[in-house]
There are 2 protein chains.
Amino acid sequence: MSNHGTALIDVAAAEPGACCAPLACEPLSTGEADELAPLFKAIADPVRLRLLSLIACHDGGEACVCDLTSAFELTAPTISHHLKVLRQAGLIDCERRGTWVYYWINPTVLTRLSALLRPRQAFGAVEA
Amino acid sequence: MSNHGTALIDVAAAEPGACCAPLACEPLSTGEADELAPLFKAIADPVRLRLLSLIACHDGGEACVCDLTSAFELTAPTISHHLKVLRQAGLIDCERRGTWVYYWINPTVLTRLSALLRPRQAFGAVEA
DNA sequence: CGCCTAATTAGACATTCATCTAATCAAGCG
DNA sequence: CGCTTGATTAGATGAATGTCTAATTAGGCG
């Protein structure tokens with residue numbers, strides 16, 4: 001299950017010290033922007049934001065699709081679609097175990113996006 | 001100029017201790033997700049990501065529209081449209097000074113988004 | 001005033017996207 | 001095997017979005 005998807009971007013590996021290259025340090029290249037925009041697009045939806053949060057907060061760090069679906073007033077195919085978007089962006093991964101499919105967060109990508117948005121002055125309290 | 005726009009969301013003021021409520025701590029409410037998604041949608045575009053970065057990196061922390069427009073192979077109205085999206089999301093603000101209009105970053109909103117995406121384990125090195 | 005440049009607004013158009021229903025795939029169980 | 005439940009895929013549809021051209025607003029200058 002975790003390998004049937006199209007892993008579009010290997011963003012996590014691209015920037016090992018992602019904390020050192022925020023948006024405000026040097027202008028983003030066209031290539032970087034083209035690579036990052038789809039990741040933000042993947043989380044730029046209220047349903048997907050909640051899915052991400054539900055998965056991240058769930059016991060054991062993973063959640064079953066049936067648990068996720070029941071948290072929304074949307075059909076199962078719609079939830080499945082949103083999970084696919086998140087998975088293709090590399091934000092989550094999944095595995096089938098018997099009847100159920102479980103999803104968990106890939107923290108590396110989230111960390112990279114978080115670091116990108118952090119303003120420069122946030123580094124102020126380094127020696128505190 | 002900074003007041004002719006529609007200030008849709010006052011996100012910055014909503015969550016003073018935004019650093020303490022990342023996505024992975026407790027499930028996002030529907031309301032929070034509906035409020036946050038438009039902010040991510042605003043930055044989920046390669047042109048707007050580069051605009052944000054160009055503004056943030058520019059000398060003095062602000063940039064003229066003409067400087068920004070010349071960095072893209074897009075028409076002025078298109079750049080103006082993207083700037084408006086960013087401004088309505090509260091990510092940037094602007095002021096007209098004579099002939100030119102200058103834009104700068106509102107770091108509060110970016111900081112909030114950054115904190116939201118930070119995974120829990122990023123807090124590990126607190127006492128270092 | 002009249003003209004020029006900077007920037008935004010208005011409106012059109014093609015593309016992308018979120019959602020649904022219907023159909024299909026996967027696994028367990030009688 | 002046939003049925004049931006969980007999950008995804010396929011395809012359709014209405015709404016949102018990015019881009020452009022044309023028109024408009026705003027300010028400076030001869």
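Each chain gets a letter, A, B and so on, in the order the sequences are listed, and its residues count up from 1.
No chain of hydrophobic side-chain contacts below 4.5 Å, direct or via other Ile, Leu, Val, Met, Phe, Trp or Tyr residues, connects B:I43 to A:V85. Cluster annotation: B:L74 is connected to B:L86 through the hydrophobic network of ILVMFWY side chains, with a link wherever side-chain heavy atoms come within less than 4.5 Å.
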Exercise for review: Step by step, work out the side chain to side chain donor-acceptor pair (under 3.5 Å) result for A:R50 and B:T30.
Suggested key: CA-CA 7 Å; A:R50 284 187 62 210; B:T30 305; 3.3 Å; yes
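Within the 4.0 Å cut-off from OP1 or OP2 of C:dT9, at least one side-chain nitrogen or oxygen of B:K84 is found. OP1 or OP2 of C:dC20 lies within a sub-4.0 Å distance of a side-chain N or O belonging to A:T78. The phosphate of D:dT8 (OP1 or OP2) has a side-chain N or O of A:S80 nearer than 4.0 angstrom.
Geometrically, B:R97 engages B:Y102 in a cation-pi contact defined by less than 6.0 Å to the ring centre and at most 45° from the axis.
Taking atom CZ of residue B:F72 and atom C1' of nucleotide D:dG18, one finds them 13 Å apart after rounding to whole Å. Distance, B:H82 NE2 to C:dT9 C1': 15 Å, rounded to whole Å. Atom CZ of B:R97 and atom C1' of D:dA26 are 16 Å apart (whole Å). Here the P atom of nucleotide D:dG18 and the CG atom of B:D45 are 5 Å apart, to the nearest Å. Note: NZ (B:K41) to P (D:dA16) measures 9 Å, nearest angstrom. Across the protein-nucleic acid pair, A:R96 atom CZ and D:dA7 atom C1' stand 6 Å apart, rounded to whole Å. Rounded to an integer number of Å, the gap from CG of A:L83 to P of D:dT9 is 11 Å. Residue B:W100 contributes atom CH2, which lies 12 Å from atom C1' of D:dC29 at whole-angstrom precision.
We find that B:E35 and B:R112 are joined by a salt bridge, their nearest charged nitrogen and carboxylate oxygen being less than 4.0 Å apart.
Two end axes, each from the C1' atoms of five base pairs, can be drawn for the helix from C:dC1-D:dG30 to C:dG30-D:dC1; they diverge by 10°, to 10 degrees.
Across A:L54 and B:P27, no two heavy atoms sit closer than the pair CD2-CB, 3.9 Å. The minimum heavy-atom distance linking A:L49 with B:A33 is given by the pair CD1-O, 4.0 Å.
Comparing A:Y102 and B:R48 against DNA chain D, the residue whose closest nucleotide sits nearer the 5' end is A:Y102. Residue A:T75 is the one, among A:T75 and A:T99, whose nearest nucleotide of DNA chain C lies closer to the 5' end (criterion: closest heavy atom). Nearest-nucleotide positions on DNA chain C place A:E73 closer to the 5' end than the other of A:E73 and A:G98.
Heavy atoms of A:L74 sit under 4.0 angstrom from primed sugar atoms or phosphate atoms, though from no base atom.
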